[in-house]
Amino acid sequence: MLAIKLIMWAVFLRPLRLKEARQAVADAKLSQAELTQIENEEILKIIELQKENNIKATTDGELRRAWWHYDFMENLIGAEGYEDSVGLKFHGVETKPHNVRIVGKLDFPENHPHLAHYKFLHDAVGTNGMAKMTIPSPNMMMRPKLRFNNTYGEDIQQYVVDLGLAYRKAVQAFYDLGCRYLQIDDVFWAYLISEEDRAREQAAGVDLDQLADFCVQTLNIALENKPEDLVVGLHICRGNFSSTWHYQGGYESIEDYIFKHLKNIDRYFLEYDTERAGGFEPLAKLQGSNAEVVLGLITSKVEELENKQAIIARIHEASQYLPLEQLALSPQCGFSSTEEGNRVPYDAQWRKLQLVNEIVAEVWGE
C-alpha cells in the first residue's frame, strides 16, 4: 500500500496553448503530429507542477483526452465512438453529443492508444516518482444503451464476462509497461445510487440487485489476477462536468457491493464534498480490512477555498467509522473530466492542492 495521505485526481484543466492547438487541428491548421508534440510538452510541464505541489503519484493530467471515459472505451475491440443525437444532461448543462456503442465481441487491443500514452508518462516520470494511470471502469459500459446491444442480445452474463476479460488484458498490459498504480473511475455506481435512475431501470423490468452484482462481476473478473505490487484505486463520483453534477444519494444502497463483494480494491476514492453524498457511516464496512478511503472533501467545482478547520473536523468525523490511518484526503474529482473543464481559473487547482497539503500536514503530520 502507498503511504500517501495527499491524493490528487488525474485530471487537470487544459492549458490555453493546448486548447488552441486542438481547435487548430479541428480547423485543419495544425497536423495531428504537431498536436502530439504540443501535448508532450504540456504533459512534461504538468508533471513538474505536480512534483512542486507534493503529488507523489504523477499523472499526465489526461491532457490527451477529450473525455475521461469515451477516449478509452471507443478504442476497445467491439466498441466505437459516434455522434449521438443529444449529449449527457447535467444540472443546467449538456455535454457534446458524443457516445460509444457496441458493434462486436469485446476485447482489448494490443495497440490501444492509451498504452503509448502511459509509456510516455512512465518514461517521463522515471525512477524519481510513481506514474499513475487512470482508466474508466468496465461498468461505464453497463449503461442501458451499451449493455442492450445487437451483438450480445439478451445474454447480459456473457457481455459481463467479455467486458471483464477485456479489462483484465488491459490491467496486465499497463502492468507490463511498468504501471504499479492504476485508478479505475466508476460513475456507474453513482447511477445505481440515484433514485431517479433506479426507478427507470425498475420500470424497464431490471432487477437492480442483479445489475449491481453484474457490476461486481466485471471488476472482479478484471482484477482476478491482479499482481500483488499493483495498487488499484476505485473512484466513485456523482458526475463532474462544467462545475455541475448528475447523481445524488448516499453509499448505503451499494455499501455491501463495493465494500464487501468487490475484491482486490486497495483504495476507494469517495466523493464527500456535498450533502448529496450522504454520511460516513458506510465506511464502517471496511473496518478490519487493509483498504484505504480517500475522502473527497475538497470540491473541484468552485474556486472558493474550503475552511480548513471545517475539513479537519469532517476528517475526524469520518475517523469514527474507519481509523485515521486508513483515511486520506483529496478533491472529490478532477478539475477537467472533459476537455472543457470546470468553471474555475487555471491557477485555482493549484491553490486547492496547497490547501490539501496544509490539511494533510496538520492531520497526519506529512
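What you see below is based on every heavy atom in this structure, not just the backbone, and it leaves out hydrogens, waters and symmetry mates.
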Side chains of Asn290 and Arg267: is there a donor and an acceptor less than 3.5 Å apart?
-> no

Residue that, paired with Glu339, satisfies salt bridge (Lys or Arg N to Asp or Glu O under 4.0 Å) out of Lys19, Arg65, Arg22 = Arg22

I would like to know whether Met142 and Cys215 meet side chain to side chain contact (heavy atoms under 4.5 Å, CB included); could you show each step before the answer?
-> CA-CA 8 Å; Met142 291 298 290; Cys215 292; 4.3 Å; yes

Any Ser194 side-chain heavy atom under 4.5 Å of Gln248 side chain = no

Do you see a donor-acceptor pair shorter than 3.5 Å between the side chains of Thr134 and Glu62?
-> yes

Arg143 NZ/CZ over Phe148 ring centroid, <6.0 Å and within 45° of normal | no

Aromatic ring proximity, centroids under 6.0 angstrom, Tyr118 and His114 = no

Please list, chain by chain and in numerical order, all residues satisfying side chain to side chain contact (heavy atoms under 4.5 Å, CB included) with Gln210, sequence neighbours excluded.
-> Asp207, Phe214

Excluding sequence neighbours, so at least two apart, what forms side chain to side chain donor-acceptor pair (under 3.5 Å) with Tyr346?
-> none

Judged by modelled atom types alone, do Asn40 and Glu42 share a side-chain donor-acceptor pair under 3.5 Å?
-> no

Does Arg276 make a cation-pi contact with Tyr247, if we ask for NZ or CZ under 6.0 Å from the ring centre and within 45° of the axis?
-> no

Measure centre to centre between the rings of Tyr268 and Tyr251, then say whether the value is under 6.0 Å.
-> no

Taking the six-membered ring for Trp, is the centroid-to-centroid distance between Tyr167 and Phe108 below 6.0 Å?
-> no

Under 6.0 Å from the CG atom of Asn150, do we count more than 12 heavy atoms belonging to anything else shown?
-> no

Do the ring planes of Tyr159 and Tyr152 sit parallel (below 30°), tilted (30 to 60°) or perpendicular (above 60°)?
-> perpendicular

Any side-chain donor-acceptor pair under 3.5 Å between Asp347 and Trp350?
-> no

Could you verify whether a donor N or O on one side chain and an acceptor N or O on the other, from Tyr191 and Glu201, lie under 3.5 Å apart?
-> yes

